[in-house]
There are 2 protein chains.
Amino acid sequence: MKVLKGDCLKLLEQIQDESVEAIYLDPPFFTEKTHKLKNRDGSQEFSFDDLWGCHKKYAEFLYQRLVHLHRVLKSSGSIFIHCDATANYLIRSLLNEVFGPDQFRSEIIWYYKRWSNSKKGLLPAHQTIYFYSKTDSFTFNTRYTDYSESTNVDQILQRRSRDSQGKTVYARDEQGEVILNDSKKGVPLSDVWEIPYLNPKAKERVGYPTQKPILLLERIIEMATNPGDLILDPFCGSGTTLVAAKLLGRHGIGMDISDDAVNLTQQRLINPIKTDSNLLQKGRNSYLTADKEALALLQGLDSIPVHRNKGIDAILKQQFNHKPILVRVQKPGESLLESIRLLSAAAQTKSSQLSILVQTQQSESISEQMIPASIKIVHAPLVQIKQILHDTGKDNAVS
Amino acid sequence: MKVLKGDCLKLLEQIQDESVEAIYLDPPFFTEKTHKLKNRDGSQEFSFDDLWGCHKKYAEFLYQRLVHLHRVLKSSGSIFIHCDATANYLIRSLLNEVFGPDQFRSEIIWYYKRWSNSKKGLLPAHQTIYFYSKTDSFTFNTRYTDYSESTNVDQILQRRSRDSQGKTVYARDEQGEVILNDSKKGVPLSDVWEIPYLNPKAKERVGYPTQKPILLLERIIEMATNPGDLILDPFCGSGTTLVAAKLLGRHGIGMDISDDAVNLTQQRLINPIKTDSNLLQKGRNSYLTADKEALALLQGLDSIPVHRNKGIDAILKQQFNHKPILVRVQKPGESLLESIRLLSAAAQTKSSQLSILVQTQQSESISEQMIPASIKIVHAPLVQIKQILHDTGKDNAVS
DNA sequence: TACACCTCTGAATCTTCCA
DNA sequence: CTGGAAGATTCAGAGGTGT
């Protein structure tokens, strides 16, 4: 691991041709003031130079460095450029210029959930990483994702058979459930990655403005290099790339023009802290306490699903007496009284004055007095249907 | 709804300045190959004339049209351009030129799950839509989504304030009790949208190469326009934009240079929109299909699921008078009477003497006489809950 | 007009508490 | 003591407000 201080343009001169397996960079973006619009009537002939406009300086800056980066890359090497939303199109053109359009591999979308704000418009929740290789024979380790994470993929993994008309259909067992394929290889990683944003509470955080999650870099490094390979980050900032490289047994060279960045990086390399994302490790589904079946019963209702809370499955968006309206769906094998108890407890802590319990199981009749006034009970279709069958059965003794 | 045949450059001249609220376009992509796709029965063939010799020619082609599109847009209007991965950076530059970089609103990422393992590298699974507005005061209807699974909604409901050190803490009243927030709407929609790719088997599919899911268009239209507004699609293709616009009560103008596209669009607009309507409703409830939704309501019932379009969703294993007991779940956007009619018809052919209808929508009260004796109606939780809210609202005039 | 400061916000962690 | 659930905390980014 080497961390060099200075402008990477100069520092790169010391790096040998074709010596680096992978490059990751998150170049600084110069925010320049907007340029004026020219004639919009379309009368004038279109010129490509216009597109560059005032960004010429920045383009030049990056272009020079990209040329060097291309030079030091091995023929099996790849480059990953992390882009600002305002500059990605610019960087893309430069990459096409330096690496060639044929060497474009992927436009990786890193997306995440984030705090919202009152912005008018869509909440920005992704960043772009361009992936180019130097030649067509580039190092690439295919990575598979767990297919169980996504229900859509489940469908793809369903076993197929032919129906009576000879059409391909999904195979189903006697219960009508789909049968899954045996293959457990998983789904090849796509170019859309959900990786949690570096959380405000994460210990991994070192306070650097554009700090990236180690998990993001790990994925890139594992994908494009093998252990022992050399990785270069010409704008290393807080040094996440090098930390990830070290954790994965790769070599690394970092460069930054700022003293602080270089110091920070060296410090982090001595004692790398990586917060294992609970979310990523266990998967989103591990948080779900309000199970799918329960929420399905509430479909169409204007409600907020509630997880991480045993007593309730949802809160209505509507309020009652300025207090939340809680909803619980009776769970299988749970007595009605137990349901009422759990819901009552939740209602108390949330000072709710109106709660709704969806009864899903037929039960012993319980006295009205055992139901708190603030709890209303509604019946799942199943319960009502069974009641109907029971009633008609009495009249009409045929099963 | 108007569908015009011809090059949109010419056709746009007929459109008044500042008369359109939103524009969606999916311009022909820059590819060397021609898009050709046979209709499923092989009878018809669609083709694009999208052989652009070089980038410059393509850029010029698009630039001229963008200038006109900018002109016809109202000052509160927005434009959405659907981009191919190979051309998005180019289109982005053109938009900056014509609309101005300050009018960039979002880079929308539409992603979907796919299955393929043929390629070395990452599986492409997204497309980009650029969202620019004409001015800063653009029409925008915020849409809300669920909170993340890892979010403790319970906490979100509590009001917060700052303590003496300026740290954020929960607000408490004099008794030390937490103060609750007003009702929450959820999280504003982000710029990353997961929308399933058009299933090759979907009925929606009409055989046009780049057809987009109607759900995608629905989201854009609802976001950027209000009912009665005018929407323009200068490369309307199979007409999904216009269909979505019509279903949402907006006006629309479509243009396409191909006879096939214009005919197809007109056909889709004239034809009963029922299929589209169903699909539109289907998409509204995140990822559950109408089938699954219906089954969810019937969970735990000892029944045999039945394929759709036969008036029924399930047949109970139990019988009544040695005849099957049929179950139908009222579909979104379907009136109760319509449901009864469909179920009755099915009951007749199956000579069922007892059928059950699960009412999922609140409805006008209908007289008992309109319900055949053999049909029993049960209520989905949603209906019962709305009734409770209605009743308590009357007693307790606080929302 | 320009700018500093305050307010509001949701994700996902960290911390505490309880059985 | 331990594991897990419930509760608390932090940050960044946009808008609003006041000087």
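Lettering follows sequence order; numbering is per chain, from 1. Because only heavy atoms are used, hydrogens play no part in the values below, and waters and symmetry mates are left out as well, while side chains stay in.
- One atom, OH of A/Y111, and another, P of C/dA11, lie 13 Å apart when rounded to the nearest Å.
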Please tabulate the protein-to-nucleotide N/O contacts below 3.5 Å involving nucleotides 9-13 of chain D, giving atom names and distances.
from: D/dT10; atom 1: OP1; to: B/K167; atom 2: NZ; distance (Å): 3.0
from: D/dT10; atom 1: O4; to: B/R160; atom 2: NH1; distance (Å): 3.2
from: D/dA12; atom 1: OP1; to: A/R205; atom 2: NH1; distance (Å): 3.3
from: D/dA12; atom 1: N3; to: A/W115; atom 2: NE1; distance (Å): 3.3

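- Between the CD1 atom of A/I304 and the C1' atom of C/dG10 there is a distance of 12 Å, given to the nearest Å.
- From one end of the helix from C/dA2-D/dT19 to C/dA19-D/dT2 to the other, with five pairs defining each end axis, the axis direction shifts by 30° (rounded to 10°).
- Checking the phosphate oxygens (OP1, OP2) of C/dT9, no side-chain nitrogen or oxygen of A/K119 falls inside 4.0 Å.
- Taking atom CD1 on B/I156 and atom C1' on D/dA6, their separation rounds to 15 Å, with Å as the unit.
- Within the 4.0 angstrom heavy-atom criterion, no nucleotide atom of any strand lies near A/G121.
- In this structure, the side chain to side chain contact (heavy atoms under 4.5 Å, CB included) partners of A/N117, at least two apart in sequence or on a different chain, are A/R114, A/K119, A/L123.
- Relative orientation of the A/Y197 and A/W110 rings is parallel, given thresholds of 30° and 60° on the angle between their planes.
- Rounded to whole angstrom, the span from the CG atom of B/L189 across to the C1' atom of C/dT9 amounts to 17 Å.
- B/R159 is linked by a salt bridge (Lys or Arg N to Asp or Glu O under 4.0 Å) to nothing, counting only residues two or more places apart in sequence or in another chain.
- With sequence neighbours left out, B/L122 forms a side chain to side chain contact (heavy atoms under 4.5 Å, CB included) with A/S106, A/I108, A/F131, A/F140, A/L189, A/D191, A/W193, A/M223.
- The aromatic rings of B/Y130 and B/Y132 sit perpendicular, their planes meeting at an angle over 60°, well past the 30° parallel limit.
- Atom P of nucleotide C/dT9 and atom OH of B/Y144 are separated by 10 Å, given to the nearest angstrom.
- Taking atom CD1 of A/I312 as the reference point, atom C1' of D/dA6 lies 12 Å away to the nearest angstrom.
- Summarising the geometry, the separation between CD on B/Q158 and P on C/dG10 is reported as 14 Å, rounded to the nearest angstrom.
- Taking A/D26 as the reference, A/K212 meet the salt bridge (Lys or Arg N to Asp or Glu O under 4.0 Å) condition, with sequence neighbours excluded.
- At the heavy-atom level, B/K185 lies nowhere under 4.0 Å from the strands shown.
- Using modelled atom types, no side-chain atom of A/D233 and backbone atom of A/T241 make a donor-acceptor pair closer than 3.5 Å.
- Other residues, nucleotides and ligands contribute at most 12 non-hydrogen atoms within 6.0 Å of the CD atom of A/Q348.
- Atom-to-atom, CG of B/L157 to P of D/dG7 comes out at 12 Å; the value is rounded to the nearest Å.
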Next on the checklist: Is there a side chain to side chain donor-acceptor pair (under 3.5 Å) between B/T135 and B/Q103? Walk through the geometry before answering.
Outcome noted: CA-CA 6 Å; B/T135 68; B/Q103 298 313 317; 5.7 Å; no

